[in-house]
Amino acid sequence: MGPTKKDQLRGIGNLDRRFTWIGMGLLTGLITFLLSLNPTFTEVVYSRGVFVLIRWVWDYTIGWIPFPLIYLLLAGLLYWIISGLIASRKTRSIQQFRNQLAGYIFSFLAFLSAVYVIFQLLWGFNYQRQPIEASLGLAVAWPDSVELVQEFIRVTDHLT
């Protein structure tokens with residue numbers, strides 16, 4: 001007995017979802033590039049507008065979780081890999097195994113793309129904003145190696 005129509009449609013839906021995440025990842029990369037061309041726009045619209053709202057919602061909801069969310073992400077990824085390995089043991093031919101492997105690789109790319117999109121939306125676009133020195137009008141003085149060594153010696157002498 002072959003796959004039912006419902007199983008076939010479910011597979012198409014998963015494929016579409018994977019394409020959607022990969023497409024959103026590419027679109028997010030393009031938006032990141034465009035935002036890097038105009039740091040002032042990023043500062044005004046994202047950093048002082050959208051990000052403030054995102055940060056407020058995060059702080060009063062997910063921010064209360066007493067452990068880093070990366071642990072949930074890694075646990076979900078581990079579960080996905082183990083369940084995929086268990087399911088792949090049921091394959092009967094090399095061609096089925098190759099098809100499943102290609103599907104898992106494609107799903108993993110979609111997963112990485114989803115992580116990238118979510119990171120960029122929640123925080124990453126802030127990297128495209130104006131440097132704090134420019135927004136505060138500060139002059140940046142980069143010390144040369146001689147000044148660094150002198151300061152190191154001064155602090156070391158003070159500590160000893």
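These numbers were taken from a predicted model, which means no experiment stands behind them.
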Trainee: Please round to the nearest 0.5 Å and tell me the distance separating atom CG of Asn99 and atom OH of Tyr104.
Mentor: 11.5 Å

Trainee: Working to the nearest 0.5 Å, report the span between CZ of Phe119 and CZ of Phe125.
Mentor: 10.0 Å

Trainee: Under a single-linkage definition using a 4.5 Å side-chain heavy-atom cutoff for Ile, Leu, Val, Met, Phe, Trp and Tyr, are Val52 and Tyr46 assigned to the same hydrophobic cluster?
Mentor: no

Trainee: Donor-acceptor pairs under 3.5 angstrom involving side-chain atoms of residues 106-114: please list them, not counting sequence neighbours.
Mentor:
{"residue": "Ser107", "atom": "OG", "partner": "Arg18", "partner atom": "NH1", "Å": "2.9"}
{"residue": "Ser107", "atom": "OG", "partner": "Gly103", "partner atom": "O", "Å": "3.0"}
{"residue": "Ser113", "atom": "OG", "partner": "Trp21", "partner atom": "O", "Å": "2.5"}
{"residue": "Ser113", "atom": "OG", "partner": "Gly25", "partner atom": "N", "Å": "3.4"}

Trainee: Determine whether Gln120 and Thr32 satisfy the following criterion, side-chain hydrogen bond (donor to acceptor under 3.5 Å, both in side chains), listing intermediate values before the conclusion.
Mentor: CA-CA 8 Å; Gln120 286 295 99; Thr32 302; 2.7 Å; yes

Trainee: Check the hydrophobic clustering (I, L, V, M, F, W, Y; side-chain heavy atoms under 4.5 Å; chains of links allowed) and say if Phe41 and Trp123 are grouped together.
Mentor: yes

Trainee: Just how far is it from atom CG of Leu35 to atom CG of Asn126, taken to the nearest 0.5 Å?
Mentor: 10.5 Å

Trainee: Do you know which two heavy atoms are closest between Leu121 and Ile54, and how far apart they sit?
Mentor: O-CD1, 3.3 Å

Trainee: When you group the ILVMFWY residues by side-chain heavy-atom contacts below 4.5 Å and let the links chain together, are Ile65 and Tyr71 in the same group?
Mentor: yes

Trainee: Using the test side chain to side chain donor-acceptor pair (under 3.5 Å), find all partners of Glu43 that sit at least two apart in sequence or belong to another chain.
Mentor: Arg48, Arg129

Trainee: To the nearest 0.5 Å, what is the distance between OH (Tyr127) and OG (Ser36)?
Mentor: 15.0 Å

Trainee: Are Tyr60 and Ile62 co-members of a hydrophobic cluster defined by side-chain heavy atoms under 4.5 Å apart?
Mentor: no

Trainee: Rounded at 0.5 Å granularity, tell me how far CD1 in Ile70 sits from CG in Leu74.
Mentor: 4.5 Å

Trainee: Please list every donor-acceptor pair under 3.5 Å in which a side-chain atom of residues 139-148 meets a protein atom from a residue at least two apart or in another chain.
Mentor:
{"residue": "Asp144", "atom": "OD1", "partner": "Glu147", "partner atom": "N", "Å": "3.1"}
{"residue": "Glu147", "atom": "OE1", "partner": "Asp144", "partner atom": "N", "Å": "3.2"}

Trainee: Calculate, to the nearest 0.5 Å, the distance between atoms CH2 and OG1 belonging to Trp56 and Thr61 respectively.
Mentor: 8.5 Å

Trainee: Say whether Val117 and Trp80 are linked into one hydrophobic cluster, either directly or through other cluster members, by side-chain heavy-atom distances under 4.5 angstrom.
Mentor: yes

